[in-house]
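Following: one structure in structure tokens, then a few remarks.
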There are 2 protein chains.
Amino acid sequence: MSQDSAGVNLETSLGYLLKQASSSLRAAMVEALRPLGMTVTHYSCLELLSQRPGLSNSELARGSFVTRQSMNVLLQTLEREGQVSRPAEPPAGRALPTQLTPAGREALAEATAAVRQVEVQMLAGLTDEEQSTAFRILQSMTDSLRDDSTGA
Amino acid sequence: MSQDSAGVNLETSLGYLLKQASSSLRAAMVEALRPLGMTVTHYSCLELLSQRPGLSNSELARGSFVTRQSMNVLLQTLEREGQVSRPAEPPAGRALPTQLTPAGREALAEATAAVRQVEVQMLAGLTDEEQSTAFRILQSMTDSLRDDSTGA
DNA sequence: TGACTCATGTCAATATTCTGACATACAGTG
DNA sequence: CACTGTATGTCAGAATATTGACATGAGTCA
């Protein structure tokens, strides 16, 4: 049926499957977070801050897979809403270490529960061993793509 | 260092790793397609049409993980540039079956080669067996997320 | 036949993100 | 000390995608 004359066959392409899985995950997260009035990036930011307090804007951006400009806009909003706090002046360099406020921690709690449910659903059909394998495989893919020995 | 007091640990979360891998893949594809003046969605559209000629705008949108409105804008551009063609009137219903033109096929050839290199790089550290496992795992994740038995 | 539902194509407006740019702060090097 | 390179925060404009809305065509069912 499919004419695999040349190149990437979408039916069997791991790249395409990866995008498909990621897209499904994102859609599920958006839906899970919608009733909480929270976006995926918003959640990601709070979760990062919960696990690694004091992260800077740039570090949060990298961890959330957006530009530091986008993260900056979000942080300003969250600061205004009282979910995070940043010192008026940087303790060193230019980086402003960000902290979660009690309100932010509270907002995160609900979101974490919702997102965890999504992750559980995603892994429903996989054995523990398969999950371990998935961990290793995804890490390997990321690592292989990171070192840009393509021609730079 | 990381306080895994509650919930999703980003260090070990398969959801986070999935996003990370997908993000790395996308970045690599953007970079690979940039010298060809082609976006990822543009490439995805052409590749889909190559493997399944006659796909409609909506079908292309779903296959490329964007809205049909976004795909429509792209198709109008590609039609103007002569990479794809659509009949003036729908043969049945409202769907307009889209075809790749020779120019489109030519543009796709270069892009496919570039993207294939990226995929090869991504899979460099994985054995054939691991790749088969990855295929099954990613498929399972997508399937598990698709059936929304969460509460709807 | 008529009413209802669903999918599609398309236009417009909104939202979101990214790219470009600039000033600042620190580390390394001559 | 001065210079260079790298990283950061931030502002502004541009590009991109999304949501909302409407009309059309096909299938279902009473």
Side-chain angles (χ1 to χ4, degrees), chain A residues 19 22-24 26-31 33-35 37-45 48-49 52 54-80 84-99 148 152, chain B residues 19 22-24 26-31 33-35 37-45 48-49 52 54-81 84-99 152:
Chain A
K19 172 64 181 170
S22 180
S23 177
S24 298
R26 183 177 186 85
M29 285 180 69
V30 166
E31 198 162 342
L33 292 172
R34 190 200 315 275
M38 197 178 289
T39 68
V40 174
T41 306
H42 181 171
Y43 160 73
S44 175
C45 173
L48 278 165
L49 283 176
R52 299 191 219 145
L55 250 43
S56 70
N57 173 39
S58 289
E59 291 169 320
L60 288 168
R62 280 193 293 270
S64 299
F65 311 103
V66 296
T67 61
R68 64 181 196 267
Q69 291 88 335
S70 295
M71 183 53 72
N72 193 31
V73 173
L74 174 60
L75 280 183
Q76 288 174 347
T77 303
L78 294 184
E79 209 171 3
R80 200 178 330 117
V84 306
S85 65
R86 286 190 289 183
E89 291 190 4
R94 297 210 66 193
L96 291 171
T98 311
Q99 299 286 342
D148 38 3
Chain B
K19 172 64 181 171
S22 179
S23 178
S24 299
R26 183 176 187 87
M29 286 180 69
V30 166
E31 197 162 342
L33 293 172
R34 190 200 316 276
M38 196 179 291
T39 67
V40 175
T41 306
H42 182 173
Y43 160 74
S44 175
C45 173
L48 278 165
L49 283 175
R52 299 192 220 145
L55 250 45
S56 71
N57 173 38
S58 288
E59 291 170 320
L60 287 169
R62 280 193 292 269
S64 299
F65 310 103
V66 295
T67 61
R68 64 181 196 269
Q69 290 88 334
S70 294
M71 182 54 71
N72 193 31
V73 172
L74 173 61
L75 280 183
Q76 288 175 346
T77 303
L78 295 184
E79 209 171 2
R80 202 178 328 118
E81 293 179 354
V84 306
S85 66
R86 286 190 289 183
E89 291 188 4
R94 298 211 65 194
L96 291 172
T98 311
Q99 298 287 342

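All heavy atoms count here, side chains included; hydrogens, waters and symmetry mates do not.
- Residues B/Asn57 and B/Arg86 are in side-chain contact: their nearest non-hydrogen atoms beyond the backbone lie under 4.5 Å apart.
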Name every donor-acceptor pair, under 3.5 Å, that has one atom in a side chain of residues 66-76 of chain B and the other anywhere in the protein, sequence neighbours excluded.
from	atom 1	to	atom 2	distance (Å)
B/Thr67	OG1	B/Ser70	N	3.2
B/Thr67	OG1	B/Ser70	OG	3.2

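- Nucleic acid contact for B/Ser56: sugar-phosphate only, since backbone atoms but no base atoms lie under 4.0 Å from a heavy atom of the residue.
- Between the CZ atom in A/Arg62 and the CG atom in A/Leu48 there is a gap of 11.5 Å [rounded to 0.5 Å].
- Where DNA chain D meets chain A (any atom under 4.0 Å from a heavy atom), the bounding nucleotides read 5' to 3' are D/dT8 to D/dC11.
- For DNA chain C, the outermost nucleotides in 5' to 3' order that have an atom under 4.0 Å from a heavy atom of chain B are C/dT8 to C/dC11.
- For the helix from C/dT1-D/dA30 to C/dG30-D/dC1, the rotation axes defined at the first and last 5 base pairs enclose an angle of 30°, given to the nearest 10°.
- Heavy-atom minimum distance, B/Ser56 versus B/Ala95: CB-CB, 3.9 Å.
- Listed here is the closest heavy atom pair of B/Pro97 and B/Pro91: CD-CD, 3.6 Å.
- Between A/Asn57 and A/Arg34, the residue anchored closer to the 5' end of DNA chain D is A/Asn57, taking for each the nucleotide with the nearest heavy atom.
- The closest donor-acceptor contact from the side chain of A/Ser64 to the backbone of A/Leu60 lies under 3.5 Å.
- For the segment residues 91-98 of chain B, residues with any heavy atom less than 4.0 angstrom from an atom of DNA chain C are, sorted by number, B/Arg94, B/Ala95, B/Leu96.
- In terms of heavy-atom proximity, A/Leu78 sits nearest to A/Cys45 at CD1-SG, 4.1 Å.
- By the 4.5 Å heavy-atom criterion applied to side chains, B/Ser22 and B/Arg26 are not counted as neighbours.
- The nearest heavy atom of DNA chain C to A/Thr41 and to A/Pro90 marks one nucleotide each, and the one closer to the 5' end goes with A/Thr41.
- Of the residues in residues 62-75 of chain B, those with a non-hydrogen atom less than 4.0 angstrom from any atom of DNA chain D are B/Val66, B/Thr67, B/Arg68, B/Gln69, B/Ser70.
- Here the CD atom belonging to A/Glu59 is positioned 9.0 Å from the OG1 atom belonging to A/Thr98, to the nearest 0.5 angstrom.
- Rounded to the nearest 0.5 Å, atoms CZ (A/Arg34) and OG1 (A/Thr39) are 11.5 Å apart.
- Atom OG in B/Ser24 sits 13.0 Å away from atom CE in B/Met29 (nearest 0.5 Å).
- With rounding to the nearest 0.5 Å, the separation of NE2 in B/His42 from CD in B/Glu81 is 6.5 Å.
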